[in-house]
Amino acid sequence: MGLVQQAQFAANLPGIPNAAGVVDLMHRLVPEQRWGLAAKDVAAKGGWGPGVVDDYLVRQFGIVPTEFGHLGVALAPTHAYYRPGST
């Protein structure tokens, strides 16, 4: 799934039947995973691992509430190792 599709999924997730439990869990991440969007109290889910060419991929998507509805956000910075991509 590309970043655009992931952001669209995040924006629509709160409207999916029975998804409230998932969104609730996305708000309650353990402290070690509260980086990026989650550090801003946004419902988020992230992942990380080796990139394609000697780099490290950090991916995260989240649901940002706005006065007009939900804004879906998807990010994928790359760096030589994990820490800079997660702050």
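All figures in this text were calculated on a predicted structure; none of them were measured in a lab.
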*asked:* Give me the atom names and distance for the closest heavy-atom approach of Arg34 to Asp41.
replied: NH1-OD1, 4.0 Å

List, one per line, each side-chain donor-acceptor pair under 3.5 Å for residues 1-14, sequence neighbours excluded.
{"residue": "Gln5", "atom": "OE1", "partner": "Gly2", "partner atom": "N", "Å": "3.3"}
{"residue": "Gln6", "atom": "OE1", "partner": "Arg59", "partner atom": "NE", "Å": "3.3"}
{"residue": "Gln6", "atom": "OE1", "partner": "Arg59", "partner atom": "NH2", "Å": "2.9"}
{"residue": "Asn12", "atom": "ND2", "partner": "Gln8", "partner atom": "O", "Å": "3.0"}

_side-chain hydrogen bond (donor to acceptor under 3.5 Å, both in side chains): pairs with one or both residues in residues 60-77, sequence neighbours excluded_ =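 As it turns out, there is no side-chain hydrogen bond (donor to acceptor under 3.5 Å, both in side chains) pair with a partner in residues 60-77 once direct neighbours are skipped.
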
_Pairing residues for Val42 by the side-chain contact (heavy atoms from CB on, under 4.5 Å) criterion, not counting sequence neighbours_ =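 Val42 satisfies side-chain contact (heavy atoms from CB on, under 4.5 Å) with Leu37, Lys40, Val64 once adjacent residues are dropped.
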
*Under a 4.5 Å side-chain heavy-atom rule over Ile, Leu, Val, Met, Phe, Trp and Tyr, are Val22 and Ile63 clustered together?*
yes

*State the CG-NZ distance between Leu29 and Lys45, to the nearest 0.5 angstrom.*
7.5 Å

*Under the side-chain hydrogen bond (donor to acceptor under 3.5 Å, both in side chains) test, which residues partner Asp24, sequence neighbours left out?*
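Per chain and number, Asp24 pairs via side-chain hydrogen bond (donor to acceptor under 3.5 Å, both in side chains) with Arg28.
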
